[in-house]
Every structure is written in C-alpha cells, then in structure tokens.
Amino acid sequence: MSRAHALLSASAAHRWIPCPPSALLQEKYEDEGSEYAAQGTSAHSLAEWKVRRLLGDIQPDPRPDLTYYDQEMEDATEQYAAYIAETIAEAKKTCCDPCVMVEQQVDFSRWAPEAFGTVDAIVAGSGHLWITDLKYGTGVEVSAERNPQACCYALGCLELLDDLYDIDLITIQIFQPRREHISKWTVHKDDLMKWAEETLRPAAELAAAGKGDFRPGDHCRFCKARHECRARAEQQMALTRYDFKLPATLSDEEIEDILRQVDHLVSWAEDIKAYALESAISGKHWNGFKLVEGKSVRRYTDEEAVAKAVQADGKDPYERRVLGITAMTQLLGRKHFHEILGGLVEKPRGKATLVPESDKRPAIDFTDSTDFNNEEEKGE
Ligand code: SF4
C-alpha cells in the first residue's frame with residue numbers, strides 16, 4: 001500500500017502555501033526517511049486493514065509483514081476503526097446508504113496543478129462529508145481547524161462525491177490515538193471554496209512555477225532546504241541586531257521581540273550544526289573545523305559472559321526495575337494499561353514555560369498552590 005507523492009502534495013500544503021518556492025526546492029534533495037515515518041506506514045496499513053474488515057472487505061492479515069508492530073499499535077488501530085464505525089453510524093442518522101472509502105487517492109488539481117493526496121477515511125452522507133486523518137505520531141498535537149492538508153483532501157473528496165451527495169458541510173477529524181487526542185472542525189462548503197480560490201490557488205500557481213516569496217516560519221522544520229535556506233538564515237540573523245547584550249541591558253520590548261523568535265533561532269542553529277556534521281562525515285571540509293571523536297563510555301563486549309562471570313563469583317549481576325510508562329504501554333496496550341495501572345499513574349503539574357498568547361494551553365492559575373514539576377516523566 002505505497003503512497004505516491006505529488007509536487008504539490010496535500011501533506012506538505014502547510015509548507016508550500018505560506019512559502020510557495022519551497023515546493024520546487026524539495027526536488028533537489030533526497031527523501032529523508034525516518035523510523036517514525038516507517039512506524040506511521042505500518043500503523044496506516046494495519047488501520048486500513050481493520051477498517052476494510054469492518055466493512056466486510058476481508059484482506060490478508062498484514063501483521064506478519066509489518067516493519068513495526070506492537071500491542072500499542074494494535075490498540076491504537078482498534079480505536080481508530082471503532083471511531084470510523086462511529087462516524088459511519090453518525091452518517092446513517094440522515095442517510096440510509098452512506099459512502100465509505102478507505103485510503104482513497106483524491107485529486108485537487110482544479111486548484112493546484114497535478115495535486116493529489118491519499119485520505120485515510122472518507123464517509124459521505126446526504127449533505128455531509130466526514131474526512132478522517134489518522135496521525136500515529138506523538139510529537140505535535142494536530143488541530144483539525146483550518147488544517148491545510150485536510151482542506152486539500154476535502155476539496156478532492158468534493159470533486160469525487162459532491163454530485164452524488166450534494167454536500168454542504170465537511171467535518172474534518174484528526175484522530176491521534178497515542179496522544180489521546182481527537183480534533184474536529186466543521187466547515188461549510190462555500191467557506192472551503194473561498195479558501196481554495198483565495199489562498200490555495202494563488203499559492204499553488206506560484207509554487208508550481210517556483211515563484212513567490214520565501215517565508216520562514218514554523219513550517220521550515222519540515223522543509224528539506226531548512227539547513228541552507230537564505231531567507232531562514234536572514235530571519236534568524238536579524239536577531240544579532242541586539243548584539244548579544246545581557247538581558248538586564250535590554251528593554252522589555254526588545255526581550256519580547258527576542259522571545260518571539262528565539263525558538264526558531266535555536267532550531268535553526270541546531271539544523272545548521274547537524275547539517276555541517278553530516279556533510280563533514282561525508283567528506284566535506286569546513287575551513288577552521290575538523291572532526292574529532294566525542295566522549296565515549298565503557299561498555300561490556302558480551303553481557304552474557306559478564307553475567308556468567310559474576311554469578312560464578314557468587315553475586316547477582318541483575319537489577320530488577322519496573323518498566324517505564326512508554327515501554328509498559330507497549331507491553332500491555334493502552335487500554336489494558338489504563339485498566340490495571342490507571343489508578344497508579346499520576347500526572348504532576350508541568351514545568352512552567354513562557355509561550356506566546358496564541359498558544360492553546362490555558363495560562364497558569366497562580367491561586368492553585370500545587371508545585372510545578374521540574375522533572376521528566378518518571379520511569380521513562
Ligand atoms: S526553509 Fe522555510 S523559508 Fe526556506 S524554503 Fe524552506 S519553508 Fe521556505
């Protein structure tokens with residue numbers, strides 16, 4: 001179940017809409033595979049199989065061939081299939097024969113040249129369309145509201161189904177089981193079309209032609225050009241106007257300006273360091289720099305032989321520790337974990353963090369006297 005990639009893919013719309021020339025630029029770089037992406041692919045294959053099974057379409061069990069599979073994936077995809085079943089039941093309230101499509105390729109090239117994407121699950125009833133996107137990752141909580149990827153999918157679905165189901169409303173559902181997060185957003189077709197004409201089409205035309213302005217932002221961290229992009233570098237270097245003054249000599253306004261940009265600056269600097277190191281390992285020479293070995297720690301060459309030697313000496317070489325929460329969740333599965341250990345897990349208050357006003361988390365209530373936690377999750 002491989003997924004083809006378009007130049008203007010829905011999954012990268014969050015990047016190429018604000019920064020159109022980034023689309024063509026990606027062609028210069030190799031695909032960056034990752035363990036997380038491979039894990040997501042396995043989860044999607046299993047989820048697809050389970051939803052098809054739910055619909056009576058019995059396919060060979062993919063589990064033996066999955067690169068990644070564990071109890072957590074089993075449970076997460078089970079929850080996802082149950083969620084799709086609920087969505088179908090919702091559609092059946094107003095439509096006796098809703099249409100259900102799984103891993104469906106949709107085309108939104110009416111607005112973006114040669115653009116298409118693959119939707120995890122589509123349910124269409126009379127006047128209403130539901131699009132569900134399974135996000136298996138845990139890194140960032142994804143919101144359905146004005147989500148460019150899902151909006152592109154919605155347009156592709158309308159191309160397929162609007163004539164048959166006369167759709168007025170589109171509900172976008174992001175299902176992120178490993179963060180226990182579901183986000184839903186309903187948009188009227190006219191509003192979606194307005195966005196498609198006023199935002200998507202102009203950005204797509206520029207992107208396909210490699211034109212438009214380079215606009216750095218949060219989306220840069222998913223861009224293959226992030227290490228070398230001049231616009232991103234210039235934006236970060238703009239902070240040097242403060243000339244590394246000590247905080248006490250800066251005005252409140254200057255500190256607020258730095259706070260607004262400092263996370264981008266740190267992530268950009270880390271990207272540059274990682275890129276330079278990788279190039280140096282591949283043979284590139286950077287003037288004034290050399291590769292050296294970092295610190296290393298001693299390790300056993302053969303753990304079994306070590307255990308035997310210590311046992312022969314009459315001592316116990318093993319320590320017994322309870323698995324951390326992540327490893328225990330993988331062992332038991334999320335549902336069973338909650339059943340037997342739910343009452344034994346607590347979530348202390350998180351470390352205080354200064355974030356922009358636009359952040360969705362509520363501001364700290366200082367009348368609540370519980371202490372903040374400055375430690376990482378225990379047992380991880
Ligand atoms: S790094 Fe950012 S600004 Fe530069 S091309 Fe990529 S998305 Fe655009």
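This structure is a prediction, so every number in the text was calculated from the model and none was measured. Just so you know, ligand 1 is whichever comes first in the structure, and atom 1 is the first atom listed for that ligand. Just so you know, these numbers use all the heavy atoms, side chains as well, and skip hydrogens, waters and symmetry mates.
Scored by the side chain to side chain contact (heavy atoms under 4.5 Å, CB included) test, Ala309 finds no partners at all (sequence neighbours excluded). With sequence neighbours left out, the side chain to side chain contact (heavy atoms under 4.5 Å, CB included) criterion links Glu145 to Ser143, Trp185.
Between His264 and Gln261, the side chains place no donor N or O within less than 3.5 Å of an acceptor N or O (distance only, hydrogens not considered).
Ring-plane geometry between Phe222 and His14 is classed as perpendicular, the angle between the planes exceeding 60 degrees on a 0 to 90 degree scale with a lower cut at 30.
With Tyr136 as the aromatic partner, Arg178 meets the cation-pi criteria of under 6.0 angstrom to the ring centre and within 45 degrees of the ring axis.
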Table please: side-chain donor-acceptor pairs of residues 162-176 below 3.5 Å, with sequence neighbours left out.
| residue | atom | partner | partner atom | Å |
| --- | --- | --- | --- | --- |
| Asp162 | OD1 | Ile167 | N | 2.8 |
| Asp162 | OD2 | Lys189 | NZ | 2.8 |
| Thr171 | OG1 | His128 | NE2 | 2.7 |
| Thr171 | OG1 | Thr186 | OG1 | 2.8 |
| Gln173 | OE1 | Tyr83 | OH | 3.3 |
| Gln173 | OE1 | Lys184 | NZ | 3.4 |
| Gln173 | NE2 | Thr87 | OG1 | 3.2 |
| Gln173 | NE2 | Thr132 | OG1 | 2.9 |
| Gln176 | OE1 | Val142 | N | 3.0 |
| Gln176 | NE2 | Gly137 | O | 3.4 |
| Gln176 | NE2 | Val140 | O | 2.7 |

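For a distance threshold of 2.8 Å, the protein N, O or S atoms nearer than that to atom 2 (Fe) of ligand 1, listed by chain and number, are Cys220 SG.
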